[in-house]
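What you are looking at is a predicted structure, and each value in this text was computed from that prediction instead of being measured. In what follows, chains are A, B, ... by sequence order, proteins preceding strands, each numbered from 1.
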There are 2 protein chains.
Amino acid sequence: MSMYRINFNDFFTSAFSVDCILFGYSEGEIKALLIKRAMQPFENLWAIPGDLIYPDEDLEQAAERVLFELTGLNNIKMHQSQTFGKPNRHPQGRVITISYFALLRIEDFEVKASSWAGDVQWVSLKNMPDLAFDHNHILASTYEMLKLKLQNEPICFDLLPERFTLNEFQQLYEFAFEQAFDKANFRKKIKYIPLIAHDEKQQNVKHRPAKLFSFNREQYLLSLENNSYTFKM
Amino acid sequence: MSMYRINFNDFFTSAFSVDCILFGYSEGEIKALLIKRAMQPFENLWAIPGDLIYPDEDLEQAAERVLFELTGLNNIKMHQSQTFGKPNRHPQGRVITISYFALLRIEDFEVKASSWAGDVQWVSLKNMPDLAFDHNHILASTYEMLKLKLQNEPICFDLLPERFTLNEFQQLYEFAFEQAFDKANFRKKIKYIPLIAHDEKQQNVKHRPAKLFSFNREQYLLSLENNSYTFKM
DNA sequence: TTTAATTATTGTAATTTGGACAATAATTTA
DNA sequence: TAAATTATTGTCCAAATTACAATAATTAAA
């Protein structure tokens with residue numbers, strides 16, 4: 001919670017806000033973290049966590065603060081996506097909003113509604129209700145950006161558990177790109193991605209357990225410097 | 001020139017601005033259109049054309065208006081890139097700026113400094129002076145975005161002349177990606193890009209003239225609908 | 001008019017990648 | 001112990017990529 005909460009009108013007639021889109025992956029689906037607004041306007045509607053930026057605050061800092069205040073998520077490094085500023089997107093005045101996003105492992109974090117958030121929940125992108133403001137638009141457009149990044153940067157490993165099976169890895173891409181891949185060919189495709197093969201195996205499955213892998217980030221960063229490998233899916 | 005020009009202080013203590021980055025290509029180099037500021041702050045420094053957004057104005061509309069007011073360029077469709085908002089990036093108060101960019105053929109447009117722009121000029125990215133505000137940073141970061149788009153969308157044809165040789169086409173990519181390609185292999189790479197081969201040939205060269213091509217945008221758009229081809233370099 | 005110089009354009013052969021599909025391996029459960 | 005299930009590896013063929021060579025068209029100089 002911030003030290004002070006200034007009145008809406010103190011932001012004059014124009015104001016900036018940040019909207020913080022958290023993407024997670026569980027049960028074979030990509031989900032976004034939403035809050036239920038316990039405040040006018042759009043009271044009781046689900047929304048992307050977001051709020052106004054203080055006049056002396058850096059954008060990225062604001063994104064982290066707002067996310068923490070509403071959901072309890074702390075120290076999440078956010079990436080800027082796009083800025084939305086239709087003159088009437090906010091019913092109470094001119095508010096231009098800068099959207100930020102981050103990816104995380106749902107099971108690694110605990111979320112807790114606070115401040116004016118009445119509830120917090122992970123919602124599957126395939127099952128999105130009508131959201132407050134232009135948040136459906138913001139979310140859809142940021143998801144497109146996520147999919148683009150999934151093809152060109154190894155951010156998939158921020159969504160997968162720290163140790164994953166090659167099948168889980170494949171399923172994430174099948175979900176995002178809405179198409180099935182051949183198992184054998186998928187393994188060839190990822191041949192050069194630096195992975196660590198562990199001795200450990202999948203637990204509690206009713207069939208041959210798969211080997212667990214993790215992403216070798218150190219080696220990846222090295223290869224970036226060398227220009228010896230560029231991630232591509 | 002707009003109908004009215006409100007005082008800087010009328011934008012309260014916080015304001016939005018747009019910065020309009022125009023990329024062009026000539027003499028084998030990618031260039032950006034800059035203005036010389038005839039106004040404080042940073043008077044006489046070169047800068048990206050940009051100005052404050054009116055409180056009731058759409059962002060994209062603002063970008064087009066500002067570009068026109070400062071450079072005379074009319075009806076240029078701009079694409080959003082990123083938003084910059086460090087609290088002290090503007091010496092006279094809090095200004096968050098949303099950067100937009102567009103590509104055009106330098107020889108197809110005439111630019112003319114007006115409003116508070118003292119001069120306008122195309123400047124090679126390889127030879128960029130110190131710019132006003134954080135404009136070097138904004139420009140560099142938008143150029144990165146341009147390079148990404150050059151790989152995934154056929155925007156190269158917005159930079160090339162309407163009719164171009166395959167070599168000019170190749171040189172544009174060699175400039176952007178700072179690497180040489182094999183001529184024969186480049187032609188294989190672009191095999192599926194829908195081009196129209198004209199009977200016309202290059203003029204005034206001291207050697208065998210190359211055939212001229214143009215981009216078949218209609219066919220490209222059709223193939224987008226069919227999902228029969230996706231541009232990739 | 002011929003020839004050298006220069007660049008455009010096309011071709012070839014070896015290698016690598018990609019996709020379809022089959023075979024084998026390891027595990028659980030009945 | 002066998003059936004079921006999924007993991008993992010292999011094979012074959014087509015397509016793309018790479019390096020490099022050959023040929024074609026034009027200008028300019030001899």
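Legend: salt bridge (Lys or Arg N to Asp or Glu O under 4.0 Å) pairs involving residues 208-219 of chain A, not counting sequence neighbours, sorted by first then second residue: A:D158-A:R217.
A salt bridge does not link B:E178 to B:K147: none of the charged nitrogens lies less than 4.0 Å from a carboxylate oxygen. Using a 4.0 Å cut-off between charged side-chain N and carboxylate O, A:E200 and A:R163 make a salt bridge. Using a cut-off of 4.0 Å between Lys/Arg side-chain N and Asp/Glu carboxylate O, A:K77 and A:E64 are scored as not salt-bridged. By the 4.0 Å N-to-carboxylate-O rule, B:E144 lies too far from B:K149 to be salt-bridged with it.
Between A:F213 and A:F169, the gap from one ring centroid to the other reaches at least 6.0 Å. Aromatic pair B:F133/B:F84: centroids not less than 6.0 angstrom apart. If you look at B:F157 and B:F164, their ring centroids are closer than 6.0 Å. Checked against a 6.0 Å centroid threshold, the rings of A:F231 and A:Y192 do not count as neighbours. Ring pair A:F215/A:Y220: centre-to-centre distance below 6.0 Å.
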Would you list the protein and nucleotides 26-30 of chain D atom pairs, both N or O, that sit under 3.5 Å from each other?
unit_1: D:dT26; atom_1: OP1; unit_2: B:K201; atom_2: NZ; d: 2.4

Interface polar pairs with nucleotides 10-13 of chain D, N/O, under 3.5 angstrom:
unit_1: D:dT11; atom_1: O4; unit_2: A:K188; atom_2: NZ; d: 3.1

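Annotation: side chain of A:T165 is in contact with side chain of A:Q202 (closest heavy-atom distance under 4.5 Å).
Within residues 190-200 of chain A, the residues approached by DNA chain C to less than 4.0 Å at the level of any non-hydrogen atom are A:Y192, in residue-number order.
Taking atom CZ of residue B:F213 and atom C1' of nucleotide C:dT9, one finds them 9 Å apart after rounding to whole Å. The distance from atom CD of A:Q171 to atom P of D:dT6 is 11 Å, rounded to the nearest whole Å.
Remark: A:E27 engages A:K31 in a side chain to side chain donor-acceptor pair (under 3.5 Å) (not counting sequence neighbours).
Taking the C1' atoms of five terminal pairs at each end of the helix from C:dT1-D:dA30 to C:dA30-D:dT1, the two resulting helix axes are inclined by 10°, rounded to 10°.
No engagement by B:K189 is indicated, since no non-hydrogen atom pair under 4.0 Å with the nucleic acid exists.
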